Amino acid sequence: MQIQEITLDRLDPQRFIAEKSRTLCDAVGNGLAVNALSGGVDSSVVTALGHQALAGRLKTYFIDNGIMRKNEPEQIAEQFGKLGIPIEIIDAKAQFFAALKGLSDPEEKREAITQTFYKQVFGELVKKSGARFLLQGTIFTDVEETVAGVKRQHNILAQLGIDTVAQFGYEVIEPLIELRKPGVRKIGEALGLPYGMYNRPPFPGPALAARVIGEVTPERVALVREATAIVEQELSASGAFQYLAILHEDKVTGIRDGRRDYGSQIEVRCWESTDAKTATPSRLDFDILQKISARMTAEIPGVVSVTYNITSKPTSTIEAV
Ligand code: XMP
């Protein structure tokens with residue numbers, strides 16, 4: 001299937017919402033659809049769009065896969081609750097960590113997350129709920145990069161020729177697939193979402209696993225989660241497109257309290273970009289970088305070194321995995 005991009009200059013948000021709502025209603029009929037909210041811009045917008053169109057015929061789950069940011073499941077469920085959209089949190093931490101155990105290859109980790117998400121956790125939920133449709137916030141950039149072989153986005157299935165009906169028992173509907181991120185934000189605004197929700201920096205489907213180089217264990221995720229919280233606190237006012245922390249696989253020699261301390265190293269990345277296709281590192285104030293480094297080494301046990309990525313995408317990517 002060839003997907004045509006709707007560029008920002010051609011996007012009429014109200015018309016887009018009306019058309020997609022009609023398509024959704026026609027497809028789902030009197031049936032039931034489900035979707036998974038991650039709290040990122042794309043899944044938040046698709047959740048709001050889906051609930052506006054389908055109301056009680058859409059059930060939204062937040063899958064707590066154990067690799068989300070600090071307090072994320074509870075905070076997101078509360079924010080949507082305030083909008084009148086009920087969210088059910090599903091605790092699937094054990095299943096995801098079991099699937100990720102022993103894996104360090106980036107594509108294998110992504111595949112493990114995809115399979116656990118679609119086949120195990122979602123497959124079960126869909127079966128239990130009786131839903132035949134899965135609403136998903138795939139966007140144009142995801143398709144482009146997957147088809148080009150740049151990266152296997154976890155939410156691309158049909159584009160890879162995977163028949164979800166045959167394999168998982170449900171049909172995937174992707175209302176945002178013709179839009180890039182700025183278009184998605186426009187739809188979020190037109191849907192009346194709070195500014196902070198549709199203007200959040202993007203967050204990857206594989207969550208913090210995209211920021212852990214090497215094996216994704218509960219302990220290593222806990223470490224990168226703390227580092228992420230610090231980066232987000234310190235850089236939220238930077239106006240940058242995206243900022244994140246990565247946990248390296250290699251340990252390095254450091255020094256603490258006059259003793260050599262063989263510890264972890266964190267890499268900070270902060271990006272200027274409009275569509276995530278290309279990106280350049282932000283020219284951050286050195287004082288901010290030093291503050292981030294001081295906080296990480298003081299607040300996160302075992303961290304002895306913090307670096308800042310100065311490479312553009314390409315050749316770097318925004319995430320590390
Ligand atoms: P990369 O790391 O490929 O990321 O330069 C480009 C943009 O996409 C986000 N990202 C993902 N989003 N599923 C998503 O929905 C994924 O599997 C995924 N991987 C990366 C990333 O945060 C950046 O904004």
Side-chain angles (χ1 to χ4, degrees), residues 35-47 62-63 65 67-69 72 76 96 99-100 103 105-118 122 134-160 162 172 174-177 179-185 188 198-213 216 224 228 231-232 235 238 240-247 267-282 309 311-321:
N35 84 310
L37 172 66
S38 70
V41 176
D42 307 339
S43 77
S44 294
V45 171
V46 93
T47 298
F62 188 106
I63 309 291
N65 51 17
I67 47 180
M68 302 306 297
R69 285 171 286 188
E72 188 90 339
I76 301 292
F96 279 89
L100 286 162
L103 303 182
D105 176 79
E107 295 308 308
E108 284 179 13
K109 291 194 302 195
R110 281 177 169 265
E111 183 63 14
I113 293 168
T114 303
Q115 290 298 326
T116 310
F117 183 86
Y118 287 98
F122 234 78
L134 170 60
L135 221 60
Q136 197 159 259
T138 314
I139 68 169
F140 194 76
T141 326
D142 300 335
V143 181
E144 228 173 25
E145 294 209 330
T146 301
V147 172
V150 175
K151 186 177 283 179
R152 165 83 145 84
Q153 295 281 346
H154 95 295
N155 50 355
I156 299 293
L157 295 161
Q159 285 71 36
L160 296 174
I162 295 171
V172 177
E174 297 167 311
L176 308 179
I177 203 155
L179 304 177
R180 290 184 192 273
K181 195 70 77 183
V184 178
R185 294 195 207 278
Y198 65 81
N199 259 300
R200 255 189 132 178
F203 189 68
L208 296 174
R211 300 173 181 179
V212 171
I213 303 176
V216 182
V224 89
T228 303
V231 166
E232 292 190 353
L235 297 181
S238 67
F241 176 79
Q242 201 168 349
Y243 29 85
L244 49 120
I246 290 158
L247 174 61
E267 176 186 330
V268 175
R269 295 183 179 185
C270 183
W271 297 108
E272 302 302 320
S273 177
T274 51
D275 60 7
K277 228 178 131 184
T278 59
T280 51
S282 304
N309 176 51
T311 311
S312 294
K313 174 183 178 177
T315 53
S316 181
T317 50
I318 287 181
E319 307 290 344
V321 168

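Counting convention: from 1, in listed order, for ligands and their atoms alike. Numbering starts at 1 and runs along the sequence shown. What you see is a predicted model; the values in this text were computed from it and never measured.
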* Which atoms from ligand 1 have a heavy atom of P202 less than 4.0 Å away? -> 24 (O)
* Close N or O approach (G205, ligand 1; < 3.5 Å) ->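 Yes.
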* Considering only NZ, NE, NH1 and NH2 on the basic side and carboxylate oxygens on the acidic side, decide whether R200 and E72 come within less than 4.0 Å. => yes
* Without swapping roles, check the side chain of T116 against the backbone of F96 for a donor-acceptor pair under 3.5 Å. => no
* To do: Give the single entry among A320, S43, S38, P204 that approaches atom 10 (N) of ligand 1 most closely by any heavy atom.
  =>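 Looking at heavy atoms only, the winner is P204.
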* Asked: Of all residues at least two apart in sequence or in a different chain, which pass the salt bridge (charged side-chain N to carboxylate O under 4.0 Å, His left out) check with E267?
  -> R269
* So is K181 close enough to ligand 1, meaning a heavy atom under 4.0 angstrom away? -> no
* Any idea which atoms of ligand 1 are less than 4.0 Å away from a heavy-atom of I318? ->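 Contacts of ligand 1 toward I318, numbered from 1: 1 (P), 2 (O), 4 (O), 5 (O), 23 (C).
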* To do: Say whether, by atom type as modelled, one donor and one acceptor occur between the side chain of K313 and the main chain of A276 under 3.5 angstrom.
  =>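 Present.
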* To do: Report the member of K313, E319, R110, K277 with the shortest heavy-atom distance to atom 19 (N) of ligand 1.
  =>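 Ranked by closest heavy atom to atom 19 (N) of ligand 1, first place is R110.
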* Between T47 and N35, a side-chain donor and acceptor under 3.5 Å -> yes
* Close N or O approach (R211, ligand 1; < 3.5 Å) ->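 No - when backbone and side-chain N and O of R211 are compared with those of ligand 1, no distance drops under 3.5 Å.
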* Structure fact -> Residues at least two apart in sequence or cross-chain that pass salt bridge (charged side-chain N to carboxylate O under 4.0 Å, His left out) with R185, listed by chain then number, are none
* Asked: Near P206, which atoms of ligand 1 are under 4.0 Å from a heavy atom of that residue?
  ->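 Listed by number with element, the hits are 13 (N), 16 (C), 17 (O), 18 (C).
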